[in-house]
Amino acid sequence: HHVIPKRPCFHVSKSFFRTYTSAAMSSLLINQPKYAWLKELGLSEDNPGVYNGSWGGSGEVITSYCPANNEPIARVTQATLAEYEETVQKTKEAWKLWADIPAPKRGEIVRQIGDALRKKIKVLGSLVSLEMGKIYVEGVGEVQEYIDVCDYAVGLSRMIGGPILPSERPGHALIEQWNPVGLVGIITAFNFPVAVYGWNNAIALTCGNVCLWKGAPTTPLTSVAVTRIVAEVLEQNSLPGAICSMTCGGADIGTAMAKDERLLELGGNNAIIVTLYGPLHTKQAVEQYLAAIEQAKQQGGTVVCGGKVMDRPGNYVEPTIITGLPHDAPIVHTETFVPILYVLKFKTEEEAFAWNNEVKQGLSSSIFTKDMGRVFRWLGPKGSDCGIVNVNIPTSGAEIGGAFGGEKHTGGGRESGSDSWKQYMRRSTCTINYSKDLPLAQGIKFE
């Protein structure tokens, strides 16, 4: 006979839960000696996913996984919608102070953010590689891009200005005045979890805006680590941390930001080509890879290279080349974010240009040729309709000095260099009468 006690044995229960909790914690990569460097970024087993001058978060607890082995790294507590609203209010309040600081002084803060990132570039680049899955040198390259844009924005802080235009009226000055839009909302994707935020953040700050960031729900540790670096700079300068706020979250927070009329909402997207590469970001991406290959075969394609999931831990797949598809096959027009290259044969230049332009995406394109006439036709009005049009270089990567962005479904905005700073500001045309008369424009006179 088994005797069932009327009261549970609490000693055994506590011991069991202690053992269970200890096992769960030790299974996290952050607790393994090999990954002790994660703590240099201020990360721990459980991390707050909200920052608005203070750290918090009481929403869903999510676990971040390493795509190279699908092991859990650490946990992050996401924002609730109420915490999102509270963060917007605190960020708007911080703008009142930030907007009054002269642009060159704001540039000095951005310079310090760049220097703080320089000190953490290797460890932060390692986190990008661990959590996103790209190779280490590309992870470091992302942080370097943020640093470079900080340098660019520091110079910009002493050059932002509008022209003085000739007025048709005597005794009048016509000037353009550029002012910050206020609160900039930044939503970034998993594929560039540092750089896209970086080029928006640095330039938005220089222009006099405050920022609210929602990173991808699958790279929350990177969002937390970057925000910790930026927050420390703000705190050291006795500035409100809410100038650079963050709310980790999923579709609910993203939807709230996209619909929020109080924000200038900026998102990011990019294209990737395969050379040396890491695992796909998630298990779902592996499924999408296999599904795309199957669809390509059904639509007349032949796999001539790759096409298989690698037999090893993590989300590794073979880079794949598929031939024989017609240019208008549905799979060719589908953006799958996996290493599949469709090779299409064309007969004329006009045909090739048309096929390039017939897809809904319009971020980046490239042609390889030594024909100078073809180069300039490719760059001209009947050439590529993408936002980035390259010659004899790949479609991935872009220098920070040029404007970055796409056309059509990839969006029409521009970020980073050139005159992209104008997106973060509002323009006023100002007419000042310093004469003693009151002449009207177009020579109108009321008799």
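The basis for the numbers below is simple: all heavy atoms, side chains too, and nothing from hydrogens, waters or symmetry mates.
Crowding of Glu232 atom CD: a count of heavy atoms from other residues, nucleotides or ligands under 6.0 Å not exceeding 12. Heavy atoms from other residues, nucleotides or ligands lying under 6.0 Å from CZ of Phe376 number 12 at most.
Glu138 places a side-chain heavy atom less than 4.5 Å from the side chain of Ile135. Trp355 places none of its side-chain heavy atoms less than 4.5 Å from the side chain of Asp328. Using a 4.5 Å heavy-atom cutoff, the side chains of Leu130 and Trp37 are in contact. Using a 4.5 Å heavy-atom threshold, the side chains of Ser420 and Ile203 count as separate. Side-chain contact between Ile121 and Ile147 is present, with at least one heavy-atom pair separated by less than 4.5 Å. Put simply, the side chain of Ser364 does not reach to within 4.5 Å of the side chain of Cys386, judged on heavy atoms. In this structure the side chain of His281 reaches within 4.5 angstrom of the side chain of Thr218, judged on heavy atoms. For the pair Pro240 and Leu97, the minimum side-chain heavy-atom distance is below 4.5 Å.
Distance CD/Glu145 to CH2/Trp199: 5.0 Å, rounded to 0.5 Å. Summarising the geometry, atom CG belonging to Leu280 is positioned 10.0 Å from atom OH belonging to Tyr316; distances are rounded to the nearest 0.5 Å. The CG atom of Leu174 lies 5.0 Å from the CG atom of Leu165; values are rounded to the nearest 0.5 Å. Rounded to the nearest 0.5 Å, atoms CG (Leu205) and SG (Cys244) are 4.5 Å apart. To the nearest 0.5 Å, atom CG of residue Leu127 and atom OG of residue Ser223 are 9.5 Å apart. Here the CG-CE distance, from Leu212 to Met257, works out to 4.0 Å after rounding to the nearest 0.5 Å.
The two residues Ala225 and Leu41 make their nearest non-hydrogen contact at CB-CB, 4.1 Å. Nearest heavy-atom pair, Asn209 versus Gly182, reported as atom, atom and distance to 0.1 Å: OD1-N, 2.8 Å. Across every non-hydrogen atom of Arg426 and Val181, the tightest pair is N-CG1, 3.9 Å. The heavy-atom pair separating Leu183 from Cys211 by the smallest distance is CD1-C, 4.3 Å. Looking at every heavy atom in both residues, Trp95 comes nearest to Gly208 through NE1-O, 2.9 Å. Nearest heavy-atom pair, Asn357 versus Gly383, reported as atom, atom and distance to 0.1 Å: ND2-O, 2.9 Å.
Using modelled atom types, no side-chain atom of His333 and backbone atom of Ile331 make a donor-acceptor pair closer than 3.5 Å. In terms of modelled atom types and a separation under 3.5 Å, the side chain of Asn392 and the main chain of Thr369 share a donor-acceptor contact. The backbone N or O of Gly57 sits nowhere less than 3.5 Å from a side-chain atom of Thr77 that would complete a donor-acceptor pair. Lys214 contributes a side-chain N or O that, together with a main-chain N or O of Gly249, makes up a donor-acceptor pair within less than 3.5 Å. A donor-acceptor contact shorter than 3.5 Å is absent between the side chain of Thr227 and the backbone of Val224. Although no hydrogens or angles enter the test, the distance criterion places no donor-acceptor pair under 3.5 Å between the side chain of Ser129 and the main chain of Gly125. At distances below 3.5 Å, not a single donor-acceptor pair connects side-chain atoms of Asp437 with backbone N or O atoms of Pro439. Panel note: side chain Thr320, backbone Ile340; no donor-acceptor pair is recorded below 3.5 Å. Panel note: side chain Lys120, backbone Glu40; a donor-acceptor pair is recorded below 3.5 Å. In this structure, Asp371 contributes its side chain and Arg374 its backbone to a donor-acceptor pair below 3.5 Å.
For the residue pair Asn433 / Ser435, a side-chain donor-acceptor distance below 3.5 Å is found, with atom types taken as modelled. Under the 3.5 Å distance criterion, with hydrogens and angles disregarded, a donor-acceptor pair is assigned to the side chains of Thr222 and Glu131. Side chain to side chain, Gln112 and Glu108 meet the donor-acceptor criterion of an N or O pair below 3.5 Å.
Residues satisfying the side chain to side chain donor-acceptor pair (under 3.5 Å) criterion with Glu351, sequence neighbours excluded, are absent altogether. Take Lys408 and apply the salt bridge (Lys or Arg N to Asp or Glu O under 4.0 Å) test, not counting sequence neighbours, and it matches Asp385. Qualifying side-chain contact (heavy atoms from CB on, under 4.5 Å) partners for Trp378, counting only residues two or more places apart in sequence or in other chains: Phe353, Asn356, Ser365, Ile367, Ser384, Val389, Val391. Under the salt bridge (Lys or Arg N to Asp or Glu O under 4.0 Å) criterion, Glu287 pairs with no residue at all, not counting sequence neighbours. For Lys39, the side-chain contact (heavy atoms from CB on, under 4.5 Å) test picks out Ile30, Asn31, with sequence neighbours left out. Taking the salt bridge (Lys or Arg N to Asp or Glu O under 4.0 Å) definition, one finds that Arg118 meets it with Asp115, Asp151, sequence neighbours left out. Contacts of Tyr65 classified as side-chain contact (heavy atoms from CB on, under 4.5 Å), with partners at least two apart in sequence or in another chain: Thr63, Pro72. Residues meeting the side-chain contact (heavy atoms from CB on, under 4.5 Å) test with Ser44, sequence neighbours left out: Asn47.
Contacts classified as ring pair (Phe, Tyr, Trp, His ring centres under 6.0 Å) and involving residues 205-259 (residues at least two apart or in different chains) are given here: Tyr197-Trp213. The side-chain hydrogen bond (donor to acceptor under 3.5 Å, both in side chains) contacts involving residues 242-256 comprise Thr91-Ser245, where partners must be two or more places apart or lie in separate chains. Applying the salt bridge (Lys or Arg N to Asp or Glu O under 4.0 Å) definition to pairs two or more places apart or across chains, those involving residues 167-189 are Glu176-Arg427.
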Evaluate the criterion side chain to side chain contact (heavy atoms under 4.5 Å, CB included) for residue pair Ile229 and Leu124; output intermediate values, then yes/no. CA-CA 10 Å; Ile229 291 169; Leu124 188 55; 4.0 Å; yes

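Cation-pi geometry between Arg414 and Trp421 is not met: the NZ or CZ atom fails to fall both under 6.0 Å from the ring centre and inside 45° of the normal.
A salt bridge does not link Arg75 to Glu45: none of the charged side-chain nitrogens sits closer than 4.0 Å to a carboxylate oxygen. The pair Lys134-Glu142 meets the salt-bridge criterion, since a charged nitrogen lies less than 4.0 angstrom from a carboxylate oxygen.
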Give every donor-acceptor pair under 3.5 Å between a side-chain atom in residues 80-90 and any protein atom, sequence neighbours left out.
from, atom 1, to, atom 2, distance (Å)
Thr80, OG1, Glu83, N, 3.1
Thr80, OG1, Glu83, OE1, 3.3
Glu83, OE1, Ser58, N, 3.1
Glu83, OE1, Thr80, N, 2.9
Glu83, OE2, Ser58, N, 3.0
Glu83, OE2, Ser58, OG, 2.6
Tyr84, OH, Asp260, OD2, 2.8
Glu85, OE1, Arg262, NH2, 2.9
Glu85, OE2, Gln89, NE2, 2.9
Glu85, OE2, Arg262, NH1, 2.8
Glu86, OE2, Lys90, NZ, 3.2
Thr87, OG1, Asn52, ND2, 3.1
Thr87, OG1, Glu83, O, 2.7

